[in-house]
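Report on one structure; see the data block that follows.
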Amino acid sequence: QLRTVESGGGLVQPGGSLKLSCTASGFTLDYYAVGWFHQAPGKEREGVSCISSSTTKTNYADSVKGRFTVSRDNAKNTVYLQMNSLKPEDTGIYYCLAVAPAFCPTNWDRIAYDYWGQGTQVTVSS
């Protein structure tokens, strides 16, 4: 089981910014492609972004392109999601997962993953 832990969520006004962090417990996250997922209240989880182990490849949902940026610092075994220009519809729980070795699969946002951590809550409200 590849355990990941999310942090950095909070309450912000529309147009504000947050930076989420993803760390690993019990394995080296550096070797894995990492995906970020969003679950709005009452909705199923949806893929937000994915980054390869080397940072040479990234993927973004259309709804966040130009607003969110995924990055990683492998020396710190950490993956980040910088969220700018936040909208009320961005509200929900954000999760990160090691989705595959090295590279993001083409279907990374449609795989039925069998483990989800606690996530971190993001609330965008005026």
Side-chain angles (χ1 to χ4, degrees):
Q1 189 174 52
L2 305 180
R3 300 177 183 179
T4 45
V5 180
E6 306 88 349
S7 62
L11 173 64
V12 296
Q13 294 184 337
S17 298
L18 284 172
K19 188 174 184 178
L20 308 184
S21 296
C22 176
T23 59
S25 177
F27 71 100
T28 301
L29 195 61
D30 303 0
Y31 300 150
Y32 291 86
V34 174
W36 283 97
F37 302 82
H38 169 229
Q39 185 172 26
K43 304 292 182 63
E44 295 186 353
R45 280 175 285 264
E46 297 182 341
V48 173
S49 184
C50 189
I51 185 169
S52 69
S53 62
S54 67
T55 74
T56 60
K57 299 289 185 180
T58 57
N59 302 86
Y60 295 95
D62 289 342
S63 60
V64 306
K65 285 183 177 178
R67 300 191 297 122
F68 292 7
T69 302
V70 65
S71 63
R72 68 193 305 158
D73 185 344
N74 285 345
K76 297 181 179 179
N77 202 29
T78 302
V79 174
Y80 305 97
L81 184 67
Q82 178 67 51
M83 306 188 296
N84 299 326
S85 302
L86 284 162
K87 304 175 181 180
E89 52 262 44
D90 297 320
T91 291
I93 303 173
Y94 286 78
Y95 304 87
C96 65
L97 283 177
V99 298
F103 297 101
C104 301
T106 302
N107 64 340
W108 67 272
D109 59 339
R110 294 181 284 109
I111 296 173
Y113 303 102
D114 59 8
Y115 177 79
W116 299 94
Q118 188 66 40
T120 187
Q121 176 71 44
V122 171
T123 303
V124 185
S125 177
S126 59

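Just so it is clear, the structure is predicted and the values come from calculations on it, not from any experiment.
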Exercise: identify the closest heavy-atom pair between Gln82 and Asn84: NE2-OD1, 3.0 Å
Pair Trp108-Phe37, side-chain contact (heavy atoms from CB on, under 4.5 Å): steps then yes or no: CA-CA 10 Å; Trp108 67 272; Phe37 302 82; 4.0 Å; yes
Any donor-acceptor pair under 3.5 Å from Ser85 side chain to Gly15 backbone: no
So, taking the atom named CG in Asp90 and the one named OG1 in Thr123, what distance separates them when rounded to the nearest 0.5 Å? 11.0 Å
Lys/Arg-Asp/Glu bridge criterion (N-O < 4.0 Å) met for Lys65, Asp62: yes
Using every non-hydrogen atom in the two residues, find where Pro41 and Gly92 come nearest and quote the distance to one decimal. CD-CA, 4.3 Å
Over 12 foreign heavy atoms within 6.0 Å of CD, Glu46: no
Heavy-atom closest pair, residues Gly35 and Val99: N-CG1, 3.8 Å
Tell me, yes or no, whether the heavy-atom count around Gln118 atom CD, taken from other residues, nucleotides or ligands under 6.0 Å, exceeds 12. no
I'd like to know whether Trp116 forms a side-chain contact (heavy atoms from CB on, under 4.5 Å) with Arg45, so could you lay out the CA-CA distance, the side-chain angles of the two residues, the decisive distance to 0.1 Å, and finally the verdict. CA-CA 10 Å; Trp116 299 94; Arg45 280 175 285 264; 3.1 Å; yes
I'd like to know if the side chain of Thr4 reaches the main chain of Cys96, judged simply by a donor and an acceptor atom lying under 3.5 Å from each other, with no hydrogens or angles considered. yes
Could you give the distance from CG (Asp109) to NE2 (His38), rounded to the nearest 0.5 Å? 14.5 Å
Within-4.5 Å side-chain heavy-atom neighbours: Pro101 and Ser53: no
Contact summary for Ile93 and Gly119, nearest pair of heavy atoms: CG2-CA, 3.8 Å
Leu20: hydrophobic cluster co-members (side-chain, 4.5 Å): Leu2, Val12, Leu18, Phe27, Leu29, Tyr31, Tyr32, Val34, Trp36, Val48, Ile51, Tyr60, Val64, Phe68, Val70, Val79, Leu81, Met83, Leu86, Tyr94, Val122, Val124
Which residues pass the side chain to side chain contact (heavy atoms under 4.5 Å, CB included) test with Ser52, sequence neighbours left out? Ser54, Thr56, Lys57, Phe103
Stepwise side-chain contact (heavy atoms from CB on, under 4.5 Å) check, Asn77 with Asp30: CA-CA 6 Å; Asn77 202 29; Asp30 303 0; 2.9 Å; yes
Is there a side-chain contact (heavy atoms from CB on, under 4.5 Å) between Leu11 and Gln121? Walk through the geometry before answering. CA-CA 8 Å; Leu11 173 64; Gln121 176 71 44; over 6 Å; no
